[in-house]
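A short write-up of the structure that comes next.
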Amino acid sequence: MKVQCLKGFRDYLPEEMLQKDRMLRAVQQVFECHGYPPLMTPALEYSEILLGKYGEEGEMLLYRFRDNGDRDVALRYDLTVPLARVLAEHGEITMPFRRYQIAPVWRAEKPARGRFREFMQCDVDLVGADTAAADAEMLVIGSAVMKALGISGFRIRINHRGILGALCRLAGLSSAGEVEFLRLLDKLDKIGADAFRDQVGKISGIDEAGVESVLKIVLASTGDSRQVLQRLEDALGSDAEAASSIERMRKVLDLVEASGAAQQCHIDPSIARGLSYYTGLVYETYLDELPGFGSVMSGGRYDGLVGMFSGKDLPAIGISLGIDRLFSAIKEMDLLEDRSQPAEVLAVQFSEDLAPATFEVAARLRRAGIATVVYPREAKMKKQLQFAQKAGIPFVVVIGEDEKSRGTLQLRDMEKGSQQEITIEEAIRIIGAVVSEETGQ
RNA sequence: GUGGGUGUAGCUCAGUUGGUUAGAGCGCCGGCUUGUGGUGCCGGAGGUCGAGGGUUCGAGCCCCUCCUCUCACCCCA
């Protein structure tokens, strides 16, 4: 037997998991701070719930099989379709409905750097409000999440479906070549204007003069979002759909600015994001330091999707954050803390005879809310201190014969290398102060 | 899914035209140091060379198949 993890799946060892957990808690806290409660749904759904939602290509990526009761089931592919199912199944839910969900999803894709077959998604969605306020709320949350993760160098690139529609019309396209055209537009950054002209020219029905106008508009759309929006209005304002999209984005910008989150938000008419189901605002987030890493947080407005099971159109907008990809990115950017242990204190086990005294101290520290580990066997002090140092545990307490008889302990600050003999009450006060300072940052 | 790389100790990697018993650095364990970490010195453990098959007197090295990871395309978190 070959002992190994499935292709595209991975283990997170405790040290990594501790770091990933810290990220997840930060994300969760931001979501709840904006008034979003959690939702949990099963990993498995009936296949028919998922089929027909992701297009032909997406469907092939489903993990689908028959369970022991011969039911046709599949692992969830995202968190949006399960949300739609929940809304249709639970009539008691009222609008507007906010929820976040942090859970693994499965896609049988070919794995690559930053791309896995099992990965954690963090979704927030707001259902039941097609307003600039709802749109802006997503950008505000997205920006807050990135900052909470300690990332400041990022751009949320924002576009609107209506702009894209107008650009397609300008290029002379009806619905026929739209998808292909938008896909190329999305890659414009990467392939450059010449390759874009070249490849776009192959789409049937394309208007070459129109393509030049599109290029001119898109390439001029850099810098201040207000100005970009103004230039878009000058160029596309005669198109009714574009005009209303621009008006909407202007309102969204007002609200984002009022929230103090405008710095990282950029209007960018080349963001095509997806295909079919987006109906309004769309956005993708890129890291300044790792632009080639792909989008780490994206989403948009999809007014047709959430209501698909209930038959009625429910306006909805959401964000999806790929925490595993972001984790890899943060690791590459060297933003991770190096702590392999959640403990703040190591209690040295001086000798087996003194173990009860050590356990008593450990228990009192824990009751004071200080995470404490006891070295699990009698060993040389050097060894125990080395363990604390390698694990990044900031404090060590030592209870030897002398300390025990005096009712004190030795408190060693591993970073400073200083040590003092004090009572446990004093130790709790000192450690507690340092810990709350750390977590307060 | 298509095409190209890759795989040797826990990690990063050497390994000559195919030739005895496969190496280094880091890490790990022990000692110098019987109540005190980071540096130093000494010693030690650890490898079916990704797996299976083939060619050869002889394979880590050559050939085939599979697996893994990875790069590009595609798509996406």
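Computed over heavy atoms, backbone and side chain alike; hydrogens, waters and symmetry mates excluded. Within every chain, numbering begins at 1; the chains are lettered A, B, ... in the order of the sequence lines, protein sequences first and strands thereafter. Everything quoted here is computed from the prediction, not taken from an experiment.
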Between the protein and nucleotides 1-4 of chain B, list the N/O to N/O atom pairs that are separated by less than 3.5 angstrom.
residue : atom : partner : partner atom : Å
B/rU2   : O4   : A/K110  : NZ           : 3.0
B/rG3   : O6   : A/K110  : NZ           : 3.4

Any protein N or O atoms within reach of nucleotides 38-43 of chain B? Criterion: under 3.5 Å, listing atom names and distances.
residue : atom : partner : partner atom : Å
B/rG38  : O4'  : A/Q389  : OE1          : 3.2

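The aromatic rings of A/Y100 and A/F31 lie tilted to each other, with the angle between the two planes from 30° to 60°.
Between A/E16 and A/R10 there is a salt bridge, since a side-chain N of the basic residue sits under 4.0 Å from a carboxylate O of the acidic one.
The OH atom of A/Y375 sits 16 Å away from the C1' atom of B/rG35 (whole-angstrom rounding). When the P atom of B/rG35 is taken as reference, atom CD of A/E378 falls 11 Å away, rounded to whole Å. Separating the CD atom of A/E15 from the C1' atom of B/rC11 is a distance of 13 Å, rounded to the nearest angstrom. The interatomic distance linking A/M381 (CE) with B/rG37 (P) rounds to 9 Å, in whole Å. Per the geometry, CG belonging to A/L385 stands 13 Å off P belonging to B/rG35, to the nearest Å. If you take CD of A/E421 and P of B/rG35, they are 16 Å apart, rounded to a whole angstrom. Atom C1' of nucleotide B/rU36 and atom CG of A/L411 are separated by 13 Å, given to the nearest angstrom. Spacing between atom NZ of A/K20 and atom P of B/rA77 amounts to 17 Å, rounded to whole angstrom units.
For residues 359-375 of chain A, the set of pairs meeting the salt bridge (Lys or Arg N to Asp or Glu O under 4.0 Å) definition, not counting sequence neighbours, comprises A/R364-A/E425. Sorted pairs that involve residues 396-419 of chain A and meet ring pair (Phe, Tyr, Trp, His ring centres under 6.0 Å), not counting sequence neighbours, are lacking altogether. Under the ring pair (Phe, Tyr, Trp, His ring centres under 6.0 Å) criterion, the residue pairs touching residues 346-381 of chain A are A/Y375-A/F387, with sequence neighbours excluded.
Comparing the P positions of B/rU39 and B/rC28 gives an interatomic distance of 10 Å, to the nearest angstrom. A distance of about 15 Å separates the P atoms of B/rA51 and B/rC67, rounded to the whole Å. Only the P atoms considered, B/rG4 is 35 Å distant from B/rA22, to the nearest whole Å. A gap of 44 Å separates the P atoms of B/rG30 and B/rA72, to the nearest Å. Nucleotides B/rU17 and B/rA59 place their C1' atoms 14 Å apart, quoted to the nearest Å. When the P atom is used for both B/rG60 and B/rG50, the distance is 10 Å, rounded to whole Å. The separation of B/rC57 from B/rC11, taken at their P atoms, amounts to 37 Å, rounded to a whole angstrom. Nucleotides B/rG10 and B/rU65 place their P atoms 29 Å apart, quoted to the nearest Å.
In terms of the side chain to side chain donor-acceptor pair (under 3.5 Å) criterion, A/Q264 has no residue partners (sequence neighbours excluded). For A/D324, the salt bridge (Lys or Arg N to Asp or Glu O under 4.0 Å) test picks out A/K20, with sequence neighbours left out. Remark: A/R64 pairs with A/D72 by the salt bridge (Lys or Arg N to Asp or Glu O under 4.0 Å) rule, at least two apart or across chains.
Checking B/rU36, B/rC71, B/rA77 against the side-chain heavy atoms of A/Q410 singles out B/rU36 as nearest.
Annotation for A/A144 and A/H34: closest pair CB-CE1, 3.9 Å, computed over non-hydrogen atoms. Among all heavy-atom pairs drawn from A/L346 and A/V374, the shortest one is CD1-C, 4.3 Å. Between A/N159 and A/M249, the shortest heavy-atom contact is C-SD, 4.1 Å. The nearest pair of heavy atoms linking A/F97 to A/I93 is CD1-CG2, 3.5 Å.
Looking only at atom types and distance, the side chain of A/E421 has a donor-acceptor partner in the side chain of A/T408 under 3.5 Å away.
In this structure, A/D402 reaches the bases: a heavy-atom distance under 4.0 Å links it to at least one base atom across the strands shown. At a threshold of 4.0 angstrom between heavy atoms, the contacts of A/E403 include nucleobase atoms, whether or not backbone atoms are also involved. Within 4.0 Å of A/Q384, counting heavy atoms only, lies no atom of the nucleic acid at all.
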Show, in sequence, the C-alpha distance, side-chain angles and deciding distance for A/E403 and A/Q410, and conclude whether the side chain to side chain donor-acceptor pair (under 3.5 Å) test is met. CA-CA 7 Å; A/E403 289 79 13; A/Q410 298 285 345; 2.9 Å; yes
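Put simply, CG on A/D413 and CD1 on A/I430 are 9.5 Å apart, with the number rounded to the nearest 0.5 Å.
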Check residues 118-128 of chain A and write down every donor-acceptor pair under 3.5 Å in which the side-chain atom is one partner and the other belongs to a residue at least two apart or another chain.
residue : atom : partner : partner atom : Å
A/E118  : OE2  : A/W106  : NE1          : 2.9
A/Q121  : NE2  : A/S320  : OG           : 3.3
A/D123  : OD1  : A/S320  : OG           : 2.7
A/D125  : OD1  : A/R99   : NH1          : 2.9
A/D125  : OD1  : A/R99   : NH2          : 3.4
A/D125  : OD2  : A/Y302  : OH           : 2.1

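Checking the phosphate oxygens (OP1, OP2) of B/rA77, no side-chain nitrogen or oxygen of A/S295 falls inside 4.0 Å. The shortest distance between the side-chain N/O atoms of A/K383 and the OP1/OP2 oxygens of B/rC29 is below 4.0 Å.
A cation-pi geometry, defined here as NZ or CZ lying under 6.0 Å from the six-membered ring centre and within 45° of its normal, does not hold between A/R155 and A/Y286. Judged by the 6.0 Å and 45° rule, A/R117 forms no cation-pi pair with A/F9.
The stretch residues 315-325 of chain A touches RNA chain B through A/G322, A/R325, each having a heavy atom within less than 4.0 Å of the strand. A heavy atom closer than 4.0 Å to some atom of RNA chain B occurs in A/F350, these being the qualifying members of residues 347-357 of chain A.
If you find the closest nucleotide of RNA chain B to A/R107 and to A/K380, the one lying nearer the 5' end belongs to A/K380.
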Can you give the dot-bracket line for RNA chain B, using ( ) for pairs inside the strand, [ ] for pairs that cross earlier ones, | for pairs with another strand and . for unpaired bases, where Watson-Crick and G-U count if both distances are under 3.5 Å? (((((.(..((((.....[...)))).(((((.......))))).....(((((..]....)))))).)))))....
